[in-house]
Amino acid sequence: MDFLAGLNPQQQAAVAHINGPLLILAGAGSGKTRVVTHRISHLIANHAVKPESILAVTFTNKAAGEMRKRVEGLLGGVPGRGPNLFTFHSFCVRLLRRDGLPLADWRPGFTRSFLIYDDDDQLSILKSLYKEHNIDDKLLPPRNVLSAISHAKNKGTTEEELASNARDQRSKWVASLYQQYNHALVRANALDFDDLLLETVRLLRQHAPTREAWSRRLQHLMIDEYQDTNRPQYELVRLLSHSHSNVCAVGDEDQSIYSWRGADIRNILDFEGDYPNAVVIRLEQNYRSTKTILEASSAMISKNIARKGKWLWTESGQGSKIIVYQGYDGEQEALWIADQIDRLLRKKEVERAAVLYRTNAQSRQVEEALRRYRLSYHVVGGLSFYQRAEIKDILAYLRLMLAPTDAVSLLRIINTPARGIGKTTVEQMEVHARNTALTLWDAMEDMLEGNLLPLRAATAVKAFHSMIEELRASAATAAVHQLIRELLERTGYKKMLEEDRSPGAESRLENLNELLNAAAEASERGEALADFLDHAALISDADQVDLDAKVSLLTVHNAKGLEFPAVFLAGMEEGLFPHSRSVDSEAMLEEERRLCYVGMTRAEKRLFLTHSQARRRYGGGPLEPASPSRFLLEIPEELCEPKGTHGMQAAGFEAPGEIDLFAERSYVRESARQTASQIRQSREQRQSYPGKTYNSVENIAEFFRERGISPKGTSEKPTPVVSIPKSAAKPVFGASIKKKKVEGATVNHAKYGRGTVVRKEGDGDDAKLSVLFPGHGIVKLVAKYAGIKIEE
DNA sequence: AGCTAAGCAATTTTT
DNA sequence: TTGCTTAGCT
């Protein structure tokens with residue numbers, strides 16, 4: 001079979017490369033999935049490589065599934081099992097479930113039926129430790145500790161090293177928590193996401209028979225998204241390939257966006273050094289986007305210093321200009337986006353569109369706008385199905401069926417639904433567990449046997465205990481969905497929701513039905529309870545992408561690897577994108593730029609970059625001025641077409657407080673003329689319709705006219721059903737911003753005493769101050785809440 | 001024990 | 001706006 005046909009010369013070379021290390025530098029949209037699937041098929045069909053000796057690692061389960069389908073399609077009639085297609089994590093789970101037993105040498109009590117702890121579980125371990133040691137979670141946010149732990153793990157820092165390097169009190173706490181956290185995991189026979197990789201690496205390194213067996217079994221490795229691999233993943237690949245070096249890494253350093261999670265861009269930059277005979281192939285022809293989109297994104301990413309550098313080209317046409325839209329505020333920006341999507345879909349200019357944003361919180365406004373337009377949409381991420389409380393509750397019950405020693409799960413559901421085992425009782429059990437070095441479950445049994453609980457509590461605990469025991473008995477035989485059904489009845493969980501009159505209860509019941517469906521399907525596939533739990537733990541946000549949805553909403557991170565005919569990048573503002581937490585360091589800023597590059601290059605035909613003059617950070621908070629993202633300025637002007645309210649300042653309107661970075665650009669002056677009259681008009685209108693509610697067709701039309709959106713004939717437009725909040729009608733301009741110089745001032749804080757302001761972000765009441773308090777270090781405070789006084 | 005109301009703080013990205 | 005913790009009540 002010919003798998004080279006229809007490929008360009010570089011792609012052909014990549015597919016035809018059989019043995020030895022290969023690095024494919026695949027620019028955005030250069031057809032790398034095509035290359036990988038063709039290469040797999042080529043190996044199998046034309047080089048007698050057994051499918052099961054190929055391991056291809058993808059970033060998401062979804063991508064793995066897609067690849068499997070495409071390979072099956074390509075191979076058609078060729079019989080036999082398919083290649084191994086996994087994410088790093090699912091591969092490790094597979095390996096450890098099969099051959100992980102030697103781990104017991106350094107993880108006492110390890111068995112192959114270990115549990116997988118997600119970040120919720122991690123958090124709850126930390127919370128118990130906080131409680132035990134009376135640590136204030138405001139002084140030491142658990143999230144930060146978790147990421148410190150993760151970093152330590154991935155850098156290979158041992159508990160001892162972390163402890164001996166800890167100089168201040170904070171790091172000492174972190175070191176101590178690191179040690180206790182690990183201990184808790186071992187006791188629970190649980191691995192967190194990092195452990196899955198690390199322990200696999202450790203196993204392969206220390207246990208030669210396992211290493212040899214797997215290295216022999218897997219003769220060809222392919223790693224997708226290589227730029228986002230971290231150190232343990234890198235080592236895993238090395239270990240698996242040590243005997244043959246048949247490693248094909250595919251990646252693009254310009255799309256490295258996970259360094260904050262430990263991904264090491266050096267993996268791809270140093271590939272040739274790591275694998276001396278490596279062949280490097282560059283895929284630079286882009287098949288996805290128009291010339292305009294490609295030129296714009298290339299120009300922007302070229303501002304990055306840390307890159308190998310490449311220039312993508314395309315044979316496709318110039319295409320439309322990139323629309324750069326500026327709205328008054330976030331709400332209006334969202335409405336404009338909805339309006340544009342509505343038109344694009346109606347005109348059939350595109351069949352799908354996506355709205356990408358930097359942070360999940362931004363989705364709400366867009367969702368509201370889309371709903372007003374009666375456009376159905378699909379949100380990826382946010383709180384995923386398996387993260388919902390009711391689902392996690394049931395999963396916790398299920399985990400107890402396998403491992404009653406799992407304290408995290410036990411604590412989660414011991415009194416859910418309420419069954420009279422209150423806080424004090426649980427605390428007593430925890431204390432007893434600590435004193436006797438028993439697991440929580442065993443401590444509970446111990447207390448029952450020893451009559452160590454007050455009668456009332458004992459009765460409740462006894463009932464709970466026998467309920468779980470009975471459920472465990474049926475768990476041994478029943479299929480997963482039957483077990484869940486029984487569990488919902490016996491625990492009273494279903495009843496609890498049915499009697500719950502609050503608005504969310506119904507949808508929670510529906511979610512549980514979904515879970516039942518998923519379990520039934522798993523049973524049909526022959527999966528046991530453990531498989532079902534693995535699946536639930538390793539599913540990712542990106543796995544729920546619905547490729548057929550007309551309108552998709554997702555973070556730029558989740559958009560990696562996807563493409564859409566039309567893409568809206570919303571909230572292109574300083575502080576949001578690039579995010580305020582990234583603007584301090586050049587390296588982080590470059591990552592933001594790469595993220596922006598990923599976002600832009602998702603677009604095939606149309607690209608819209610939108611931002612607002614002002615934005616509310618949360619709910620009813622104040623409208624704060626916002627300046628356009630620096631990334632917008634890095635796009636050649638001639639590729640852009642401005643829309644919206646650019647250039648109000650130039651037209652003589654007062655700025656909402658920040659400098660408009662666009663003021664110097666010619667098109668700003670141009671659009672100023674266009675919008676000036678509209679703005680003047682809308683101001684007058686606003687004044688003449690004070691407090692009007694926009695809940696009729698006429699008023700809504702007026703609302704849009706005011707904002708310069710309207711061109712649509714008002715009658716045939718889908719009538720927004722939701723009334724537009726009054727806040728929308730509030731004038732945006734003239735938001736008074738105090739720009740007082742406070743850096744260097746001395747302040748007095750109730751808790752920390754006197755300190756010096758070293759930095760200020762934002763303005764007015766909402767300003768964030770970084771204050772140096774002698775003896776406490778630099779503390780970030782929100783002026784409004786901190787209750788500090790400035791001493792003159 | 002467990003519920004409700006009220007207060008309070010805060011929003012990066014996620015396998 | 002939200003979610004989370006706490007105080008106070010039953």
Side-chain angles (χ1 to χ4, degrees), chain A residues 57-64 86-93 116 118-120 122 127 137-138 141 143 146-147 150 154 192-197 225 228-230 232-233 256-263 330-331 356-365 367-368 380-384 387 389 415-426 454 456-457 460 500 502 504 537-543 554-560 571 575-583 588 591-592 594-596 598-599 615-621 725 727 766 768 780-782 784-787:
Chain A
V57 182
T58 58
F59 208 64
T60 62
N61 296 296
K62 182 100 184 168
F86 291 108
T87 63
F88 269 109
H89 295 269
S90 55
F91 171 75
C92 291
V93 169
I116 302 167
D118 66 13
D119 55 323
D120 246 26
Q122 297 178 291
K127 278 188 185 149
D137 59 1
K138 275 168 210 93
R143 291 264 169 216
L146 276 187
S147 81
S150 175
N154 286 316
D192 64 21
F193 287 137
D194 293 324
D195 289 335
L196 291 175
L197 295 161
E225 309 285 4
D228 282 322
T229 52
N230 62 19
Q233 289 167 341
S256 160
I257 54 175
Y258 282 102
S259 75
W260 53 273
R261 210 173 69 191
E331 184 191 16
L356 312 185
Y357 34 77
R358 177 67 239 267
T359 68
N360 275 307
Q362 291 169 258
S363 76
R364 183 169 321 151
Q365 275 188 323
E367 286 186 63
E368 273 169 29
V380 181
L383 66 154
S384 79
Q387 285 173 335
N415 203 32
T416 313
R419 49 174 71 92
I421 308 177
K423 216 169 65 183
T424 31
T425 312
V426 172
R456 182 166 150 187
D500 188 343
S502 65
L538 295 176
I539 199 110
S540 73
D541 285 341
D543 289 326
L554 59 168
T555 61
V556 188
H557 280 92
N558 272 328
K560 188 166 89 158
L576 242 193
F577 201 177
H579 196 272
S580 53
R581 303 218 178 170
S582 301
V583 294
M588 288 165 91
E591 178 146 317
E592 294 284 307
R594 291 193 293 269
L595 190 59
C596 182
V598 167
R615 182 177 301 277
R616 275 176 227 288
R617 246 186 314 179
Y618 33 78
S727 64
D766 276 35
K768 275 202 209 100
K780 269 203 177 184
L781 302 162
V782 179
K784 184 163 55 177
Y785 302 124

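Chain naming here is simple, since letters A, B, ... match the order of the sequence lines and numbering starts at 1 in each. Please read all numbers here as calculations on a predicted model, not as lab measurements.
Ion pair E591(A)/R594(A) flagged as a salt bridge, since at least one NZ, NE, NH1 or NH2 atom sits closer than 4.0 Å to an Asp/Glu carboxylate oxygen. With respect to R616(A) and E331(A), no salt bridge is recorded, no charged nitrogen being found less than 4.0 Å from a carboxylate O.
When rounded to the nearest whole Å, the span between CE of M588(A) and P of dT12(B) equals 11 Å. Per the geometry, CZ belonging to R419(A) stands 18 Å off C1' belonging to dC3(B), to the nearest Å.
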What are the atom names and distances for every N/O pair under 3.5 Å that joins the protein to nucleotides 13-15 of chain B?
| residue | atom | partner | partner atom | Å |
| --- | --- | --- | --- | --- |
| dT13(B) | OP1 | N360(A) | N | 2.9 |
| dT13(B) | OP1 | N360(A) | ND2 | 3.4 |
| dT13(B) | O4' | R358(A) | NH2 | 3.2 |
| dT13(B) | O2 | W260(A) | NE1 | 3.3 |
| dT13(B) | O2 | R358(A) | NH2 | 2.6 |
| dT14(B) | OP1 | T555(A) | OG1 | 3.1 |
| dT14(B) | OP1 | N558(A) | ND2 | 3.1 |
| dT14(B) | OP2 | N360(A) | ND2 | 3.4 |
| dT15(B) | OP1 | D541(A) | N | 3.3 |
| dT15(B) | O4' | R261(A) | NH1 | 3.3 |
| dT15(B) | O4' | R261(A) | NH2 | 3.3 |
| dT15(B) | O3' | F59(A) | O | 3.3 |
| dT15(B) | O2 | H89(A) | NE2 | 3.1 |

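When the nearest nucleotides of DNA chain B are assigned to H579(A) and R456(A) by heavy-atom distance, the more 5′-ward of the two goes with R456(A).
The minimum heavy-atom distance between A460(A) and G420(A), with the atom names listed, is CB-O, 3.7 Å. Scanning all heavy atoms of the two residues, the minimum distance from V57(A) to T87(A) falls at CG1-C, 3.9 Å. In terms of heavy atoms, E592(A) sits closest to H579(A) at OE1-N, 2.9 Å.
For Q122(A), the side-chain contact (heavy atoms from CB on, under 4.5 Å) partners at least two apart in sequence or on another chain are D119(A), L146(A), Y181(A), D192(A).
Of the listed residues (T60(A), T555(A), D228(A)), just one forms a side chain to side chain donor-acceptor pair (under 3.5 Å) with K560(A), and that residue is D228(A).
Boundaries of the chain A contact region on DNA chain C are dT1(C) to dT2(C), first to last in 5' to 3' order (nucleotide atom under 4.0 Å from a heavy atom).
Classification of the W260(A)-H557(A) ring pair by plane angle, with boundaries at 30° and 60°, yields perpendicular.
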